[in-house]
Amino acid sequence: MPELPEVESVRRQLAPELGGRRILDAWWDPIPSVPREFVDLGLVVGRTIGGIGRRGKFMIAPLDEGLELILHLGMSGSFRFGFDDPYVRARLWLDDHRSLAFRDPRRFGRMVVVRRGEYGRIPALAALGPEPLSDDFDPDEFAARLQRTSSPVKPFLLSQRAVAGVGNIYADEALWQARIHPVSRRVGRDRAYALHGAIKEVLAAAIEREGTTFRDFQMVNGEAGRNATFLVAYGRAGHPCPRCEKPLRKIALGGRGTTYCPHCQRR
DNA sequence: CACGCCTCCTGTGCGC
DNA sequence: TGCGCACAGGAGGCGT
């Protein structure tokens with residue numbers, strides 16, 4: 001469930017704790033059931049963490065010696081200090097006598113060490129679209145990309161190629177706000193501009209509330225995000241649309257649950 | 001190249 | 001009470 005706002009909230013809590021720390025030792029699940037869950041993680045031992053940045057749903061921690069630690073929370077990942085339970089898949093011991101546990105019940109997360117900027121082994125990062133809350137997210141470029149694809153608009157948003165960090169929750173929210181049907185394959189210039197603005201607004205508001213906790217997302221301090229009660233579309237099928245009062249409908253789209261308003265959101 | 005479907009994981013919640 | 005199954009979902013792989 002962690003999308004851009006959740007990852008950014010984790011990053012903001014993690015950054016001041018990890019910046020400048022040296023990693024004394026590392027442990028990870030010796031028999032990962034997912035082959036690429038932990039790649040070259042042993043290379044972090046002895047390295048110093050320069051800080052933590054973020055691209056889309058990836059956290060990127062520069063290390064010395066020209067290395068980078070790439071962190072992805074997957075669906076159920078979280079970081080906690082000094083924490084232990086059966087779902088802790090990896091742990092880093094730091095030079096301030098604390099250990100950072102990576103907990104990931106569903107094993108969709110990843111911790112990978114690469115040479116700085118070399119993302120060949122992480123194609124999703126290599127092909128990632130622009131950051132939605134930066135000037136790189138250009139409305140005209142976004143509109144052009146939407147015009148170029150033949151995919152329905154929601155799966156295209158989830159592909160991360162036109163914009164980084166939008167997942168299932170915020171795709172539904174942004175499409176509702178922009179009044180665009182999730183199955184729409186024709187998103188013209190004006191509606192692309194509306195969607196561009198909606199994505200920025202929805203993500204910025206969620207970051208303000210430290211993300212959405214629907215079930216199990218939690219931050220480094222163990223607290224939940226406060227955005228769930230502000231959701232308008234996601235998880236609210238059958239409830240009245242806040243704009244037109246007609247019930248929201250849920251469909252499957254590309255294997256993903258998708259909630260929208262059949263009255264307000266037109267193809 | 002791009003699209004769309006399937007798979008990877010495991011806990012939860014539902015219906016019977 | 002217990003069983004089986006659908007579902008949650010980001011990303012990667014593969015077939016068309």
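Here is how names work: the chains are called A, B, and so on, in the same order as the sequence lines, proteins then strands, and each is numbered from 1. In this text the structure is predicted, and so the values were computed from the model without any measurement.
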Protein-nucleotide distance ([X], atom [atom1]; [N], atom [atom2]), rounded to Å:
X	N	atom1	atom2	result
A:D104	B:dG11	CG	C1'	13 Å
A:R106	C:dA11	CZ	P	16 Å
A:L73	C:dA11	CG	P	10 Å
A:H72	C:dG12	NE2	C1'	12 Å
A:L71	C:dA11	CG	C1'	16 Å
A:M59	C:dG10	CE	P	15 Å
A:R148	B:dC1	CZ	P	14 Å

**OP:** Examine C:dC7: is either OP1 or OP2 under 4.0 Å from a nitrogen or oxygen in the side chain of A:K250? Give yes or no.
**Re:**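 False: A:K250 side-chain N/O out of range (4.0 Å or more) of C:dC7 OP1/OP2.
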Original post:
Does the A:R106 side chain pair with the main chain of A:S76, one donor and one acceptor, at a distance under 3.5 Å?
Top reply: no
**OP:** Say whether, by atom type as modelled, one donor and one acceptor occur between the side chain of A:R209 and the main chain of A:G225 under 3.5 angstrom.
**Re:**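 Not confirmed, A:R209 side chain does not pair with A:G225 backbone.
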Parallel, tilted or perpendicular: which fits the ring planes of [X] and [Y], with parallel below 30° and perpendicular above 60°?
X	Y	result
A:H181	A:Y260	tilted
A:H196	A:F142	tilted
A:W28	A:F38	tilted

Subject >> Residues which pass side chain to side chain donor-acceptor pair (under 3.5 Å) with A:K154, listed by chain and number, not counting sequence neighbours >> reply: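 With sequence neighbours excluded, A:K154 shows a side chain to side chain donor-acceptor pair (under 3.5 Å) to A:N168, A:D172, A:T258, given in chain and number order.
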**OP:** May I ask you to say what A:F58 touches in the nucleic acid, namely base, sugar-phosphate or nothing, with a heavy-atom cut-off under 4.0 Å?
**Re:** sugar-phosphate
**OP:** Could you check whether A:S159 gets within reach of a base, just the sugar-phosphate, or nothing at all, counting any heavy atom under 4.0 Å?
**Re:** nothing
Proximity to the side chain of [X] - top-ranked nucleotide from [options]:
X	options	answer
A:F108	B:dC8, B:dG11, C:dA11	B:dC8
A:N168	B:dT10, C:dC7, C:dG10	C:dG10
A:K57	B:dC3, C:dA8, C:dA11	C:dA11

**OP:** Verify the distance criterion only: is there a donor paired with an acceptor across the side chains of A:E201 and A:Q177 at less than 3.5 Å?
**Re:**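 Indeed, the side chains of A:E201 and A:Q177 share at least one donor-acceptor pair under 3.5 Å.
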Original post:
Taking A:R91 as the fixed residue, which of A:D25, A:D84, A:D29, A:D85 is the one that meets the salt bridge (Lys or Arg N to Asp or Glu O under 4.0 Å) rule?
Top reply: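 One option only clears the test, and that one is A:D84.
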What protein N or O atoms touch nucleotides 4-7 of chain B N or O atoms at under 3.5 angstrom, if any, and at what distances?
unit_1 : atom_1 : unit_2 : atom_2 : d
B:dG4  : OP1    : A:R185 : NH1    : 3.1
B:dG4  : OP2    : A:S151 : OG     : 3.1

**OP:** Kindly state which residues belonging to residues 109-134 of chain A come within less than 4.0 angstrom of DNA chain B, counting heavy atoms of the residue only, listed by number.
**Re:** none
Original post:
With a cut-off of under 6.0 Å to the ring centre and 45° to the axis, is A:R243 in cation-pi contact with A:W176?
Top reply: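 Yes - A:R243 lies over the ring of A:W176, closer than 6.0 Å to its centre and within 45° of its axis.
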